There are 4 protein chains.
Amino acid sequence: MASINKVILIGNLGKDPEVRHLEGGVAVARFPLATSETFKDKNGDRQERTEWHNIVVWRGLAEVAEKYVKKGQSVYIEGRIRTNSYQDKDGVQRYSTEIVADNMTMLGGRPDGGSSAQGSGSGSYNNEPSSAGVSTSSGSMGANKGGNSKSVAYEEEPDDLPF
Amino acid sequence: MASINKVILIGNLGKDPEVRHLEGGVAVARFPLATSETFKDKNGDRQERTEWHNIVVWRGLAEVAEKYVKKGQSVYIEGRIRTNSYQDKDGVQRYSTEIVADNMTMLGGRPDGGSSAQGSGSGSYNNEPSSAGVSTSSGSMGANKGGNSKSVAYEEEPDDLPF
Amino acid sequence: MASINKVILIGNLGKDPEVRHLEGGVAVARFPLATSETFKDKNGDRQERTEWHNIVVWRGLAEVAEKYVKKGQSVYIEGRIRTNSYQDKDGVQRYSTEIVADNMTMLGGRPDGGSSAQGSGSGSYNNEPSSAGVSTSSGSMGANKGGNSKSVAYEEEPDDLPF
Amino acid sequence: MASINKVILIGNLGKDPEVRHLEGGVAVARFPLATSETFKDKNGDRQERTEWHNIVVWRGLAEVAEKYVKKGQSVYIEGRIRTNSYQDKDGVQRYSTEIVADNMTMLGGRPDGGSSAQGSGSGSYNNEPSSAGVSTSSGSMGANKGGNSKSVAYEEEPDDLPF
DNA sequence: TTTT
DNA sequence: TTTT
């Protein structure tokens, strides 16, 4: 086998996350994330191209996204590529690619607050750009709200070993 | 800005690379790469899901792909996600996602040789699994002409891939 | 906060793993991993530099390392950098850097078998270069032998959702 | 061969970069970068461990570091691990590990300005947390000051191809 | 020596 | 639809 499917993104949310709470209490959040690259075209003019990524986060990370992550903010995402296939109305096979995140870290950024249910003004964020400092990794935590699998992993690592 | 768009894959080629030599001598190679993950479904049964990635490599890396990389082989890919949009025949906006690789390293693997122009049997590869040891990163090699612009004949081959 | 510490390596083991089973049943394995880069010196001559990394794996991954990973083999490692400090005999502060792996995937390669307790000949490996296909991620599995947190995570991901 | 040696870090500078301009005009900058992880110890108490990484950047990136990167700021670093060996005064072989960065992206953060030549107060930064937006990749650009190999690479990528 |  |  020997398979690796890993994505690392830093970008800005194009919209607030859309969160759904499934039967069983599992949360799923989705949001578009923009990354942009600058390059010079053949005339030497500086051009920018923006890439939009469909981010999906589950469980504890979805709840973090729901509470703390807003349109405009900058986040670090680690995850894997997943392409779903479906039939369109004409029966043609179509593909839709998304990034299933298993690590999300807020980097601050510029939330506009405008479309946020919590309605947090932009001022407080701008005064403390990356103060929220919320970072979570998904893992086998199930619906374990507020859990952080990374902490759990470290917790059981005996750190006071003689080497 | 502060944008990162990075993909790391290890997987197997679903087909030999298709190589095109553009006007100006620039080479482009494309191939599907499979990664697979194993998981347990809700009944506790082990399931496997295969993800297919559309890999694109340019210039020197494309020439390496053309010469050394075959269906079935395992490669390490580092690159970025790129989603192209186009109108389908009904004028609907469609998206197609690919991975533009800027680093490709052969890991050996299991070439079947069947559709390869060189027609090397699998035996020699199996005797020296990662002996080729070809690793290249694209960089500022630019329009480094000198590539052989002759296209390798591509033999259509029925296969059971999902695309 | 907003901290990321991530390492990705592909290299070959310089020795068989040394495994210790701690009080409580937790396993720790250590092995040196070589990566090498090729570059041209100022005279344009091709040079190779080998980097040695001290890999540390815990729990289930350590047991995988103990059973399946041998000197000479190629592995993919994902982990984090950790620098331990200690006093040398003269009371000078010294540092020792290691990579704590939380994902290890066998890529096949070229075990020499010589120093292996299992003494598996190289032939079987060469016939099936990456057939072992052992890949494990550490997580909140504790001493949960044979567990694979990545599988667990997927297991609870409702895959048949309407999107 | 098949070797990969890749490091991805997000952390804060512990000091302003120290920059040296070598004979031939090549610049080298060095700075310590802190990453920190939070975990629960065996008593369930939250603990933090900080890791210090010795970052080295060359050429254009070093000049970016010199001009724009200050103590306290948050940066994304991509690079490789390099362990140098030397003899200490007693002739004992010692090792020193550093991260040679080939990509550095400023993420904003909290510069204290105190030791900065430009002396920019923290206010302006806090108002525009990641406004500097400087991102550069080193490459085979040699002493090509101010060059950006990533741009160069993209520049020559014919983006208007028929696929 | 950073940051939260 | 973000950000610079």
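As the structure is a computational prediction, the values presented were derived from the model and not from experiment. All chains are named by letter (A, B, ...) in the order of the sequence lines, taking the proteins before the strands, and each is independently numbered beginning at 1. These values consider heavy atoms only, across backbone and side chains, with no hydrogens, waters or symmetry-generated copies.
Separating the CZ atom of D:Arg30 from the P atom of E:dT1 is a distance of 20 Å, rounded to the nearest angstrom. In this structure, the CZ atom of D:Arg46 is 17 Å from the P atom of E:dT4, given to the nearest Å. We find that CG of D:Leu107 is positioned 14 Å from P of E:dT4, with the value rounded to whole Å. D:Ile10 has its CD1 atom 15 Å from the P atom of E:dT4, to the nearest Å. For the pair D:Asn54 CG and E:dT1 P, the computed distance is 15 Å after rounding to whole Å. Spacing between atom CD of A:Glu48 and atom P of F:dT1 amounts to 16 Å, rounded to whole angstrom units. As rounded to whole Å, 18 Å separates atom P of E:dT1 from atom CZ of D:Phe31. Computed from coordinates, the A:Leu13 CG to F:dT3 P distance equals 10 Å when rounded to whole Å.
Checking E:dT1, E:dT3, F:dT1 against the side-chain heavy atoms of D:Pro32 singles out E:dT1 as nearest. The side chain of D:Lys71 sits closest to E:dT2 out of E:dT2, F:dT3, F:dT1. Of the candidates F:dT4, E:dT3, E:dT2, the closest approach to any side-chain atom of D:Ser36 belongs to E:dT3. Of the candidates F:dT4, E:dT3, E:dT1, E:dT1 carries the atom nearest the D:Lys15 side chain, counting heavy atoms from C-beta on.
The side-chain heavy atoms of C:Ser96 and C:Tyr86, taken from C-beta on, include a pair separated by under 4.5 Å. Side-chain contact between A:Ile81 and B:Ile99 is present, with at least one heavy-atom pair separated by less than 4.5 Å.
Within 4.0 Å (heavy atoms only), D:Thr50 reaches at least one base atom of the nucleic acid.
Within the 3.5 Å criterion, the main-chain N or O of A:Gly60 finds no donor-acceptor partner in the side chain of A:Glu63.
Classification of C:Asp102 and C:Lys6 as a salt-bridged pair fails, no side-chain N sitting under 4.0 Å from a carboxylate O. In summary, D:Asp16 and D:Lys71 do not engage in a salt bridge, as defined by a charged side-chain N under 4.0 Å from a carboxylate O.
Stacking between D:Trp52 and the base of E:dT1 is present: ring centres sit under 5.5 Å apart and the planes differ by under 30 degrees.
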